[in-house]
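Remember, it's a predicted structure, so these values are computed and weren't measured experimentally. Side chains are part of it too, since the values below use all heavy atoms of this structure and drop only hydrogens, waters and symmetry mates.
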Amino acid sequence: MRPTPLLLSKGILGRSMDELRRRTHIAMSLEAIKGASTPRPLYNFNTPETVRDCIIMSDRAIGGYSESNLEYTTTSETKTTSKTSTSAESSESSSNTPTSFARFHGTISTRLPTNHPSIERTGFAGFRTPDQRPTLFGRALWDIDPYVYLAMRVKSDGRAYFINLQTESVEPSDLHQHRLFPKRPGQWETVLVKWNDFVRTNHGFVIEPQTEMLRQKVMTVGIGLTDRTEGPFELCIERVWATNNAAEGEVADKSDESELRNRKGEKIRW
């Protein structure tokens, strides 16, 4: 007889105890006054369960032909039998390579569905973390107000990915977005983005006037690819956390134009 997934997962009492310990630590360390001194983990993609629970999206939901996959992967699985390797791969030390991570991959297609003439635009793929489970203290949400940066440990193929944040706002379809700016595509790196630099959007358009993100009520974090460039894509991600330490990685360069536009069709410059 096998145990059910509900029994295997951490129950509401376990989640409540974790939340109680977190709040007690904040009170005892006076983080509300001094500021957070240690990073706060948000989501780790280091087990098959955490990867499996994520929500995968693509334009197939509206009849498109893009493919989107999110797979749990270990370092040993990514090794090939080839004796040749690039200089970038050989220079990257094994200590900087995570032992397990999520591999977001697939193919972007801008082909329009023949049986849905109302669809005029396709070419989208993405994923997000699952809804957080409740505790005895109420719905579990990420309070990132004491932190300056969102941090991600990723290995990118260099395509124009977006980081998507969902908060407990009045409009559920609102997202706070920022471009993911990798400095070293093909290598593992830590990318930092200031929480205050995220832009509120709805269905890909920037909302005016902008309102401040509900930093005490962040629900999910995700990655989206909307560059509409046909062909394969691959992004590996190990974990996501909040931090105040700018030395942990590369701070996003906002000098480049994004693909976000306002209602007038003007591009947004970060």
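In this structure, F45 has its ring center under 6.0 Å from that of Y43. A centroid separation of less than 6.0 Å is found between the aromatic rings of F104 and F233.
Minimum interatomic distance between L192 and A151 (heavy atoms only, all atoms of both residues): CD2-CB, 3.4 Å. The two residues R179 and Y161 come nearest to each other via the heavy atoms CD-O, 3.5 Å. Listed here is the closest heavy atom pair of G126 and S68: O-OG, 3.6 Å. Between P185 and P182, the closest heavy-atom pair is CD-O, 4.5 Å. Contact between N202 and S173 at its shortest, heavy atoms only, is ND2-OG, 2.8 Å. In terms of heavy-atom proximity, K194 sits nearest to Y149 at CG-CE2, 3.6 Å.
Using a 4.5 Å heavy-atom cutoff, the side chains of T201 and H176 are not in contact. For the pair W195 and M213, the minimum side-chain heavy-atom distance is below 4.5 Å. Contact of the E189 side chain with the K183 side chain is registered, since non-hydrogen atoms from C-beta on lie closer than 4.5 Å. At a threshold of 4.5 Å between non-hydrogen side-chain atoms, the residues S156 and R184 do not count as touching. Looking only at side-chain heavy atoms (C-beta outward), D157 and L235 stay at 4.5 Å or farther from each other. T243 places a side-chain heavy atom less than 4.5 Å from the side chain of E248. Looking at heavy atoms from C-beta onward, R239 lies out of side-chain contact with P41 at the 4.5 angstrom threshold.
Without hydrogens or angle criteria, R40 side chain to D143 main chain gives a donor-acceptor distance under 3.5 Å. With hydrogens and angles disregarded, a donor-acceptor distance shorter than 3.5 Å links the side chain of D59 to the backbone of Y65. Between the side chain of T47 and the main chain of T50, a donor-acceptor pair closer than 3.5 Å is present. Of the possible donor and acceptor atoms, none in the side chain of R128 sits under 3.5 Å from a partner among the backbone N and O of G222. When atom types are taken as modelled, the side chain of R228 and the backbone of T122 share a donor-acceptor pair closer than 3.5 angstrom. N244 contributes a side-chain N or O that, together with a main-chain N or O of P146, makes up a donor-acceptor pair within less than 3.5 Å. One N or O on the side chain of R60 and one on the backbone of S66 form a donor-acceptor pair closer than 3.5 Å. Under the 3.5 Å distance criterion, the side-chain polar atoms of E230 are matched with a main-chain donor or acceptor of T110. For N44 (side chain) and N46 (main-chain N/O), no donor-acceptor pair under 3.5 Å exists by modelled atom type. Proximity of a side-chain donor or acceptor of D145 to a complementary backbone N or O of R215 within less than 3.5 Å is not detected.
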| I108 and R159: side-chain contact (heavy atoms from CB on, under 4.5 Å), yes or no, with the steps? | CA-CA 11 Å; I108 293 296; R159 294 186 65 157; 3.9 Å; yes

| query | V221 and W142: side-chain contact (heavy atoms from CB on, under 4.5 Å), yes or no, with the steps? | reply | CA-CA 10 Å; V221 60; W142 291 322; 4.1 Å; yes

| Between L141 and V218, is a side-chain contact (heavy atoms from CB on, under 4.5 Å) present by the stated rule, with each step listed? | CA-CA 6 Å; L141 298 168; V218 178; over 6 Å; no

| task | Go through W188 and F101 one step at a time and tell me if the ring pair (Phe, Tyr, Trp, His ring centres under 6.0 Å) criterion holds. | result | CA-CA 11 Å; W188 283 100; F101 51 89; 5.1 Å; yes

| request: Test side-chain contact (heavy atoms from CB on, under 4.5 Å) on L180 and F162 and set out the steps. | output: CA-CA 5 Å; L180 177 64; F162 273 92; over 6 Å; no

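The structure places CG of N164 at 12.0 Å from CG of D174, a figure rounded to the nearest 0.5 Å. Taking NZ of K217 as the reference point, atom OG1 of T167 lies at 9.5 Å (rounded to 0.5 Å). Atom CD of Q166 and atom CG of L175 lie 6.5 Å apart (nearest 0.5 Å). Distance check, rounded to the nearest 0.5 Å: SG of C236 to CD of Q187 gives 13.0 Å. T220 contributes atom OG1, which lies 11.0 Å from atom CZ of F127 (distance to the nearest 0.5 angstrom). Between T129 atom OG1 and L42 atom CG the span is 9.0 Å, to the nearest 0.5 Å.
Follow the hydrophobic side-chain contacts under 4.5 Å out from V51 and you reach M152 in the same cluster. There is a path of hydrophobic side-chain contacts, each under 4.5 Å, that joins I144 to V240. Hydrophobic cluster membership is shared by V251 and V148, with clusters built from Ile, Leu, Val, Met, Phe, Trp and Tyr side chains linked at under 4.5 angstrom. A chain of hydrophobic side-chain contacts below 4.5 Å, direct or via other Ile, Leu, Val, Met, Phe, Trp or Tyr residues, connects I163 to L70. Put simply, I237 and L225 are part of the same group of oily side chains (I, L, V, M, F, W, Y) that touch within less than 4.5 Å, one to the next.
A salt bridge between R103 and E71 is present, with a side-chain N of the basic residue lying under 4.0 Å from a carboxylate O of the acidic one.
More than 12 heavy atoms of other residues, nucleotides or ligands shown are found within 6.0 angstrom of CD on E171.
Residues T107 and E67 have side chains that never bring a donor and an acceptor to within less than 3.5 angstrom of each other.
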